[in-house]
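No experiment lies behind these values; they were computed from the predicted model shown.
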Amino acid sequence: RHMREAGAVLFRGFEVRTPEEFQSFASLVTEKFVDYSRGTSPRKRVNGQVYTSTEAPPRIPIALHCELAYVNHY
């Protein structure tokens, strides 16, 4: 309900200790994951469909963007 009304949900206060646990939790929210291929920010795959936030140095700005909205194929 919150997702439909606000467009986002912030989860707090639950323990996720491993990338596998995070992906398992994320699978409850969505069934479809996309690869981060051809993204504009360097990231590393941690495990499965779990990636780091960004590996870009802090001095490099990341402009506002719609994640991968510019690609023809997801």
Side-chain angles (χ1 to χ4, degrees):
R1 181 179 65 92
H2 293 298
M3 181 69 98
R4 285 191 305 271
E5 292 173 5
V9 177
L10 175 61
F11 294 96
R12 290 185 178 162
F14 65 101
E15 293 187 31
V16 174
R17 297 183 187 123
T18 67
E20 294 82 9
E21 287 179 355
F22 180 78
Q23 184 165 334
S24 178
F25 170 76
S27 296
L28 299 173
V29 179
T30 184
E31 295 176 2
K32 184 178 179 184
F33 292 94
V34 296
D35 285 326
Y36 190 73
S37 59
R38 298 178 295 190
T40 58
S41 176
R43 294 179 176 191
K44 293 179 183 169
R45 183 184 305 264
V46 177
N47 186 288
Q49 293 299 110
V50 178
Y51 293 83
T52 60
S53 174
T54 182
E55 300 293 325
R59 71 180 188 288
I60 297 176
I62 299 174
L64 294 175
H65 58 285
C66 293
E67 207 58 51
L68 296 175
Y70 52 87
V71 298
N72 292 328
H73 303 286
Y74 292 103

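- Criterion: ILVMFWY side-chain heavy atoms under 4.5 Å apart, direct or through other members. Under it, Val9 and Phe14 are part of a common hydrophobic cluster.
- Neither Phe33 nor Phe11 shares a network with the other; the hydrophobic side chains, linked directly or stepwise wherever heavy atoms of I, L, V, M, F, W or Y lie under 4.5 Å apart, form separate groups for each.
- Partners of Arg17 by salt bridge (charged side-chain N to carboxylate O under 4.0 Å, His left out), not counting sequence neighbours, listed by chain and number: Glu15.
- Nearest approach of Ala56 to Pro42, heavy atoms of both residues: N-CG, 3.8 Å.
- No side-chain donor-acceptor contact under 3.5 Å links Gln23 and Asn47.
- Counting heavy atoms from C-beta outward, Val46 and Lys44 have side chains that stay 4.5 Å or more apart.
- The ring-ring contact (aromatic ring centres under 6.0 Å, His included) check on Phe22 picks up nothing, with sequence neighbours excluded.
- Residues meeting the side-chain contact (heavy atoms from CB on, under 4.5 Å) test with Glu5, sequence neighbours left out: Arg1.
- Nearest heavy atom pair, residue Glu55 against residue Arg43, reads CG-CA, 4.0 Å.
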Arg45 and Tyr51: CA distance, side-chain angles, deciding distance, side chain to side chain donor-acceptor pair (under 3.5 Å) verdict: CA-CA 4 Å; Arg45 183 184 305 264; Tyr51 293 83; 2.9 Å; yes
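- Atom-to-atom distance recorded for Ser27:OG and Lys32:NZ is 14.5 Å, nearest 0.5 angstrom.
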